[in-house]
Each structure stands twice: as structure tokens, then as C-alpha cells.
Amino acid sequence: KRNIKQLKQWYQRRVRGQLIIALYFVLIIVVMKVLVTTYNAAAKVPIKGEDLTPLLALDQNPDIISMGFEEIGDSDAWEDEVDKLLENHGYYRVKLETMWAIQIVVFAKKQHLPFISHIESVETKTGMGGLTANKGATTIRFRLYDRTVAIVNSHLAAHKDEVSARNTDYWSIMRDQEFRDTAAKNLCDHDFLIWAGDLNYRVEHENVAVRRMISEGKHLDLLQHDQLLREIRDRKAFVGFHEAAITFKPTFKFDEETGLYETTKNRTPSWCDRVLWRSKEEQVEVGRLINWELWCAEEDGEARLHRADVDDTVQFLNLVETLEPAKLDQVAKNHEDKVKPIFYNSYPEFLLSDHKPVSCMLDLAIDTDLVPFVEFTKSQFTDMKRKHLEVKFQINDGYPASSYDWIALVNSTWTDANKHKITWEWVPSGTSKTVKFSDDIPDGGKDLQVVYVSDKLGAPVAIADIC
């Protein structure tokens, strides 16, 4: 570990406004703003005049942005649209994963780039019992500083009467998704698990009455009939998850290109599109209350959650049922400072689809004492015409170097180092920590950056402006 004073100076220089406190010079707590969106696009492509910018809350400067789509008509078109929105705002693409019509893409502020690693993506099919990808989930997970984060974007079974099928989809995704990172091999192992998408849970109430209550401005009274809230309360799905208070009207089903609930199929308006989260620390504490060894086992001196099979899960839930509600409420209160919802919104002005998009901003409190894996120490031109660039870097303790690491030269508006690289060079093997670009550098390096891309971590791990 590095000297704490040096560490503090690094944070103050690189993570401006995010350094909160160094307690007794031991911990640094970083509050990360994570924005998560979900939008069922009804098999459409982006249209002119419908700007996605309001979804991104760029005025609040989120650190991480996750955009989830369901029923996208052209995945490349949506990918390009999102890239264009963020290319001039200091973000880079962490990862994109598409499974048929379900897509998730995660971006991060470039100042966090050195501390986002172990990036993986997986997908799970749940359509027709796991045979088809029209339903299911795409997930992107990563280490954020020294915490693990997983963000799921899912599209669960449709139709009002298919509550059990939706619950089964949820448990299948939780059970089947696995990762290579030993710090979190499955979803429930992650410090922060965020789950968004068209979850398809409906309002279980008479359609005419639902529409009347919405027109009278009494739509929040319908939450007592919401299937998802009931299933969470009865611990049949999304056990241990939380959701911010819903203040917006149901997000489904609308006549496309209007703000009116549809009348053709006469579907009951419902909050299908949701964002939920849970923290591992809270679930570990619940496990300790019931002495649950499988879900809360000591491993190398650290409490960890382990995946349970269906029978074990039933036993776990039965034991939780024996706890007094006040104890569970106290556990949630003990951990509420770890994840704080900032807003939870729907956007009725979006007219492309029969769904309205939803976004949720969360503050994640992350304590860390990490330092960068790699740091650029110098960049200089070796000629008067500023055509030949040389960069120097240092590799810090613990970095898993590879002969397939590379350094890219990119424009400062880049979002994807591989896609937007101007030129690149392999990192030399051996003791040399200098890279000389063989191609001429355009414009004397104006508005250009160098990015160190790690092969083993699957991500950029260092960035610097060209001086």
C-alpha cells in the first residue's frame, strides 16, 4: 500500500469533488453517482426529434451511466445514438452486451478509469424455458475501486397472469449467471447489485378502475395492487431488493407516438419498467440473524454470500420469515447510507414506444485505499514538428501485466479506445516503460490523449493528456 498522504493527493487531483473524508488517515470514502435507465423501445430505431439526453441527467454529472434497452429494433443504431450523446461529456464506454433485442451499455467518467477493472458481461435466455432470447437478461459487472458492482438489464415474462413465470425468470437469472472474478463469482456475491428492465409485473386491479384513478390523479393508490411489490413483500422474488419511492404514473401500455394509454388491446396500465438494488452487506447481516451458514459463510476471514439451489433458497426464506419485521427494518436502516436514491423518474414526453423510459440515480458510498495500477509519467515529442511522440509510464504493485497490453492514441472525445483509436502500440515486454509511436501524430497532439489498455483486466487502466 502506498503512503496515505500520497494517496490523498492523488484523489484530490483526479477525483475532484468526490473526495469526502479520510477517517484517521485510514479510509477514503468516495460517493459515486450511478445512473441506471431502462427503455423498452418496441422494436423501433431512434427517431429524429426524440432526444435521449433527458434520461442521462448530465447536469447532475453521474459517475457511472448504465443504459438498458429491451425490444430494440437495430442494436447498432441504438449503440451509435448513445455514443453520440456522451462523446463530448468526458465518458468512456466500459462495456456493451447485446442478446438479440436486449441490450445494456455502461459508461464511466474518465477520471475513474484507473479504478474500473475485471469487467465481464454475461447473458441468460429465459424465453420458452431458456431456449430463446426474446426474454432474459444481459449483465455487466466490474470492480469499482475495491467494490464489486453488477448491473442487470432484463426483460421478464409478459402478460398479467404470468407472475409465477416472471418469478421463475428472476430465479433462473440469479442462479445461472457466473463470473470469473473470484471476488464475486455470482450475482449475489456482488457488493452492489442493481437490477433494471421491463420486469413486466402488472397492476392487478380492474382495468376501468385503474384508468379512472389515473385520470383523477390517484395513481399512487394503485401501488397496493402492484404485483412486484407484493412478490417482494412475500419474498417470492427479488429478495432483499429495494426500490425508490414511485411517484410517476404507470409506464405501460401507451398508443405509440401519443401520451395516451392504449385502448386496442385494453391492457391494464402498469409499472412494468423498474430499477431495484440490493447490497451484499445487508444480506450478510440478515444471514447472521438466522445463522444461515450457506448464505453467510466465513471464507478467508470474510463473510461471503453463496449461491443456493432452489431447496436451500426456500429454507433461507422460511427462516427469514421467522424474524420480526422490526429486525429486518433495522437491518435495512443500518445499511441505508451505502445506497441512497437521488431520484426515480419516468419520461412521459417520449413517444416512440408503448413504454415510457425510466431512470434512477443512486449514490453508492465506497471506501477504498486503492492506487492506480498504471500511471503515465511523461509524454513528449522528440522532434520540433511535434510528429513523433514518446510516452513513459510506471506499473504499480499488484498489476497483472500482459504481453498483449497496448497503448492507444485517441481524440479527447473518445468513448471506446478500440473503436476510436488513431494509432496504437504494444506495450514493450521486459523492463522498458517507454513507448514510441511509429506513426506521425496529427495536429501536434492537440486535444489528444493516450490510453493504456489492459489485456487481463479487459479495460483501459490509465489515461493522460498529451502535453
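For clarity, every value in this text was computed on a predicted model and none was experimentally measured.
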Enquirer: Please identify each residue that fulfils salt bridge (Lys or Arg N to Asp or Glu O under 4.0 Å) with Asp416, with sequence neighbours left out.
Expert: Arg93

Enquirer: Sequence neighbours excluded, which residues qualify as salt bridge (Lys or Arg N to Asp or Glu O under 4.0 Å) partners of Lys387?
Expert: none

Enquirer: Excluding sequence neighbours, so at least two apart, what forms side-chain hydrogen bond (donor to acceptor under 3.5 Å, both in side chains) with Lys433?
Expert: none

Enquirer: Partners of Lys125 by salt bridge (Lys or Arg N to Asp or Glu O under 4.0 Å), sequence neighbours excluded?
Expert: none

Enquirer: Going by side-chain hydrogen bond (donor to acceptor under 3.5 Å, both in side chains), name the residues that satisfy it together with Lys338, two or more places apart in sequence or in a different chain.
Expert: none

Enquirer: Is the Trp277 ring parallel, tilted or perpendicular to the His242 ring (thresholds 30°, 60°)?
Expert: tilted

Enquirer: Check ring pair (Phe, Tyr, Trp, His ring centres under 6.0 Å) between Trp195 and all other residues, then give those that pass, not counting sequence neighbours.
Expert: Tyr170, Phe238

Enquirer: Sequence neighbours left out, what pairs pass ring-ring contact (aromatic ring centres under 6.0 Å, His included) with at least one residue falling in residues 51-76?
Expert: Phe69-Trp78

Enquirer: Listed by chain and number, what are the ring pair (Phe, Tyr, Trp, His ring centres under 6.0 Å) partners of Trp100, not counting sequence neighbours?
Expert: none

Enquirer: For residues 142-152, which residue pairs qualify under salt bridge (charged side-chain N to carboxylate O under 4.0 Å, His left out), counting only residues two or more places apart or in two chains?
Expert: Arg143-Asp181, Arg147-Asp191, Arg147-Glu281, Arg147-Asp367

Enquirer: Tell me yes or no: between the side chains of Asn334 and Glu336, is some donor less than 3.5 Å from an acceptor?
Expert: no

Enquirer: For Lys419, which residues count as a salt bridge (Lys or Arg N to Asp or Glu O under 4.0 Å) partner, sequence neighbours excluded?
Expert: Asp80, Asp83

Enquirer: Quick check against the 3.5 Å criterion: does Arg141 have a side-chain atom that pairs as donor or acceptor with the backbone of Ala150?
Expert: no

Enquirer: Taking side-chain hydrogen bond (donor to acceptor under 3.5 Å, both in side chains) as the definition, give me every residue that meets it alongside Glu81, ordered by chain and number, with sequence neighbours left out.
Expert: none

Enquirer: Throw together a table of side-chain donor-acceptor distances under 3.5 angstrom for residues 128-137, partners on residues two or more places apart or in other chains.
Expert:
{"residue": "Thr132", "atom": "OG1", "partner": "Gly127", "partner atom": "O", "Å": "3.2"}
{"residue": "Thr132", "atom": "OG1", "partner": "Asn134", "partner atom": "OD1", "Å": "2.6"}

Enquirer: Using modelled atom types and a 3.5 Å cut-off, is there a donor and acceptor pairing between side-chain atoms of Lys280 and backbone atoms of Thr148?
Expert: no

